[in-house]
Number of protein chains: 2
Amino acid sequence: MEQEGLDALTMRALARRLGVAPNALYSHVATKTALVDDVLDDVLAAVRAPDSDRRDWQGGLRLMMASTHAVLLEHPDLVPLYLARQGARGPNAQRLGEIMLALLARGGLTGARAREAQRALIVHAIGSAAFASGAREAVGPPRAELVRTFERGLGWLLAGIAATAGVEGSRQRPH
Amino acid sequence: MEQEGLDALTMRALARRLGVAPNALYSHVATKTALVDDVLDDVLAAVRAPDSDRRDWQGGLRLMMASTHAVLLEHPDLVPLYLARQGARGPNAQRLGEIMLALLARGGLTGARAREAQRALIVHAIGSAAFASGAREAVGPPRAELVRTFERGLGWLLAGIAATAGVEGSRQRPH
DNA sequence: ACCTGAACACCGTTCAAGT
DNA sequence: ACCTGAACACCGTTCAAGT
């Protein structure tokens, strides 16, 4: 149904590959945007999430974001589309978002603070993937260096989030 | 010459606005990609950088990234283009990149470590702007919340970078 | 050096019509 | 429910030609 879809993600190219007239697609999808939304969410099905009984919330988030980054790197042409849509809206995106919030809650972060942390992590994962996807052979740093940049940034963000959670926690207990 | 350029950044629309035939543009620019590269770098001219004699390297970086984020938010339609090109390549981008490296060096970060920090900061600024630019009225969080997310993430990254610099520093001194 | 006319190979989408 | 033919209003780019 969806296939790999290199950069040939055009209505007409898709119709060509399906051996069908271009406008035939409009019997199945309302608009190209809707189709792309579906594809984007489908890709996210491959993102790995920790077992629900996991104690290590930071490790859980690290696993999820690293997996997201890796999955996005497998679909370089789609990456630019994620940021503009704020990381997709489909069922997979929603499910992953809720797991993230659950992990953050286990770390003591809730409400606006949790959503900020969640968004910062997502921006970092997709942004890093977009940055790396744009890298062509000659120009720019090698892929491995960009992956290391992602991992280090992820560590900084998680440390900062944990520190914030700590402050929140010690501020709440006295009440 | 370049103008605001909403989302009407197509060769033919630009030619139309200039009252000229579409192909006339190819006497001035080799390709659309080249034109876009020029526009992207021009926009970066508005990014503010600290005075060269500044002592506070973290504050300097914070100023630069916040200014970058603000400037990008003024050109929402261009934002998606920056990440794929890894933040433009023109003279302005290069100048800003060097100032960032100088500030990082003042904080004790050099070489691969400095480039990683630099890239993480750029990814966060552009990624946050892309995230915010995609936000439409009804759907998604309000703009102010996204700006706060950007600022908090920036703080986390700078704290992490400073900690790394500290470790590097205390490791180097014994030598 | 800078422009035009005409053309090529594309887009997304709609409309009326067929099964 | 699913497809087609034909069309509309677009793209980026090239080529030959004009001043």
Side-chain angles (χ1 to χ4, degrees), chain A residues 1-43 75-91 93 130 133-140, chain B residues 1-43 75-91 93 130 133-140:
Chain A
M1 236 272 195
E2 321 289 357
Q3 289 260 22
E4 275 286 337
L6 329 135
D7 53 340
L9 194 55
T10 97
M11 290 281 128
R12 296 183 107 104
L14 178 58
R16 216 176 298 134
R17 190 153 49 170
L18 296 177
V20 111
N23 48 0
L25 300 177
Y26 289 87
S27 299
H28 304 267
V29 190
T31 176
K32 187 190 178 179
T33 305
L35 187 158
V36 169
D37 282 345
D38 287 355
V39 172
L40 293 187
D41 199 71
D42 278 14
V43 167
H75 305 270
D77 304 304
L78 300 182
V79 176
L81 302 171
Y82 279 97
L83 272 176
R85 286 152 210 253
Q86 300 169 51
R89 308 218 158 279
S133 295
R136 288 292 164 262
E137 310 87 33
V139 72
Chain B
M1 235 274 196
E2 321 289 357
Q3 290 260 22
E4 276 285 337
L6 330 135
D7 53 341
L9 193 56
T10 96
M11 291 279 126
R12 295 184 107 104
L14 179 57
R16 217 177 296 133
R17 190 154 49 172
L18 296 177
V20 109
N23 48 359
L25 300 177
Y26 289 88
S27 299
H28 304 267
V29 190
T31 176
K32 187 189 178 179
T33 305
L35 187 156
V36 169
D37 282 345
D38 287 356
V39 172
L40 293 186
D41 198 72
D42 278 15
V43 167
H75 306 270
D77 304 303
L78 300 181
V79 176
L81 302 171
Y82 279 98
L83 271 177
R85 285 152 214 254
Q86 300 168 51
R89 310 217 157 277
S133 295
R136 290 290 164 266
E137 312 86 33
V139 71

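Proteins get letters first, then strands, A, B, ... in listed order; numbering begins at 1 in each.
- C:dA7: Watson-Crick or G-U partner is D:dT13, with both key distances under 3.5 Å.
- Here the separation of C:dC3 from D:dC15, taken at their C1' atoms, is 14 Å to the nearest Å.
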_Strictly under 4.0 angstrom, non-hydrogen atoms only: write out the protein contact profile of nucleotides 7-16 of chain C, one letter per nucleotide from the 5' end, B, S or -._
B---BBBBB-
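- Here the straight-line distance linking atom CG of B:Leu14 with atom CG of B:Leu25 works out to 5.0 Å at 0.5 Å rounding.
- Note that the CG atom of A:Leu35 and the CE atom of A:Met11 stand 4.5 Å from one another [nearest 0.5 Å].
- Within 4.0 Å (heavy atoms only), B:Ala21 reaches sugar-phosphate atoms of the nucleic acid but no base atom.
- The same atom, C1', is picked in D:dA16 and in C:dC2; the two are 15 Å apart, to the nearest Å.
- Side-chain N or O atoms of A:Tyr82 include none that pairs as donor or acceptor with a backbone N or O of A:Ala88 at under 3.5 Å.
- A salt bridge between A:Asp37 and A:Arg85 is present, with a side-chain N of the basic residue lying under 4.0 Å from a carboxylate O of the acidic one.
- For C:dG18, the paired base is D:dC2 (Watson-Crick or G-U wobble, both distances below 3.5 Å).
- A side-chain donor-acceptor contact under 3.5 Å links A:Asp41 to the backbone of A:Ala93.
- For B:His28, a side-chain nitrogen or oxygen approaches OP1 or OP2 of C:dC3 to under 4.0 Å.
- Checked by atom type and distance alone, the side chain of A:Tyr26 never pairs as donor or acceptor with a backbone atom of A:Thr31 at under 3.5 Å.
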